[in-house]
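Please read the structure below before turning to the comments.
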There are 2 protein chains.
Amino acid sequence: MAKLNTPITEHLAYLLAQANREINRQLELRLSKEGVPVEQWRILKVLSDGNGHSMGELADAVLLNHPTLTKMIDRMVSDTLVYRVQDPNDRRKVLMFISDRGKVLSKKLNSLAVDQEEHILESYGDKSTSELKRLLESLIDSSN
Amino acid sequence: MAKLNTPITEHLAYLLAQANREINRQLELRLSKEGVPVEQWRILKVLSDGNGHSMGELADAVLLNHPTLTKMIDRMVSDTLVYRVQDPNDRRKVLMFISDRGKVLSKKLNSLAVDQEEHILESYGDKSTSELKRLLESLIDSSN
DNA sequence: CTTCAATTGTTGAATATTCAATATTTTCAA
DNA sequence: TTGAAAATATTGAATATTCAACAATTGAAG
């Protein structure tokens, strides 16, 4: 008996890629109002706790490879959104901080992102959204 | 009363990106056994129905921008995995077909991908997996 | 202590992706 | 039937990402 070949649209990896692409595209569209890529929103958001975060820590948090992050941070430093400070306790490390300008921008970006979440809640539903979030968190957990 | 600032890890957009990155990384790792990027697996899988697919159709299906797809197909044509045929009914279009060599490779890749799905099923569970797939499909639907 | 391995971040070259412009063909309104 | 607009795919230049190598610092074993 021939084994049926699963269509690509049934693979979890594909569904995740597709959903991610779509949601990301929508978010990108909103953030483009401020001329900022999604990754910079993430960086600013992580740094808005006001604490210093090392590059490694940041790279993990914002889902970027180290060299990519370095170069993106270079741009953000030029735009005076963030700044580098050498970690006094471990001089291999660089601590990143958000600037005042960065904080102002971060707030605008957050409200754009919240807009999107609300839009999703409307079209997709409260129940589904929170259930989906729960399942995604647990998938991520189980993958470590 | 101050509005609490949502951590980035609670945004749906972020959870999707994180889950996608992780699952994709795992799949990439397996497919690297055959030296093939995830996108080429998708392309071969879509073409393995034996029918001709136009570039536009393919680009949508495999989640790539048109110019990116064109260049990836160029490589795959060099590797004789696929070939181009001008659509006789609409000569603006190019129909892509999978070659015999492509079919052989596609089978190997599929079993690697199925391995991964099975691995996910084990660590994450049948129930969660199918529920997650259902929710993702419905999210994608509701975004169109 | 000293030395060697591990950690952290950056750089430059190679590669890949994207944007805007182009070429070709088809569609469709006048 | 003609001419303008739309659809399709590709190209080249600009941009971004990745890989491998490097530099600096710390950790840790002997």
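Chain letters run A, B, ... following the sequence lines, proteins first, then strands; residues in each count from 1.
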query = Between B:R25 and B:E28, is the closest basic N to carboxylate O distance under 4.0 Å?
reply = no
key: Integer-rounded Å distance: D:dA9 P and B:D74 CG   = 14 Å
Members sharing B:V85's hydrophobic cluster (side chains within less than 4.5 Å) = B:Y83, B:L95, B:F97
message = When you measure from the side chain of A:S99 to the backbone of A:L81, do you find a donor-acceptor pair of N or O atoms at a distance under 3.5 Å?
response = yes
key: Positions of residues 16-27 of chain A (non-hydrogen atom under 4.0 Å from DNA chain D), listed by number   = none
key: Pair B:K133 + B:E117, salt bridge at N-O below 4.0 Å   = yes
task = Taking salt bridge (charged side-chain N to carboxylate O under 4.0 Å, His left out) as the test, write out the residues that go with B:D90, two or more places apart.
result = B:R92
ask   = Do side-chain atoms of B:K45 reach the backbone of A:T6 as a donor and acceptor pair under 3.5 angstrom?
value = yes
ask   = Where along residues 39-73 of chain A does a heavy atom come under 4.0 Å from DNA chain D, residue by residue in number order?
value = A:N65, A:P67, A:T68, A:K71
Interatomic distance, B:L95 CG vs C:dT25 C1' [rounded to whole Å] = 14 Å
ask   = With sequence neighbours excluded, what pairs up with B:R101 under the salt bridge (charged side-chain N to carboxylate O under 4.0 Å, His left out) test?
value = none
inquiry  = Whether the A:E22 and A:Q26 side chains hold a donor-acceptor pair (N or O, under 3.5 Å, no angle test) is what I'd like checked.
reply    = yes
key: Nearest-Å distance for atom pair CZ/C1', residues B:R75 and C:dT15   = 8 Å
Verify same cluster id: A:L139, B:V38 (apolar side-chain graph, 4.5 Å) = no
query = With the threshold set at 4.0 Å, does a side-chain nitrogen-carboxylate oxygen contact exist between A:E137 and A:R134?
reply = no
Distances under 3.5 Å between protein N/O atoms and the N/O atoms of nucleotides 23-29 of chain D, please, pair by pair.
{"residue": "D:dT26", "atom": "OP1", "partner": "A:R91", "partner atom": "N", "Å": "3.0"}

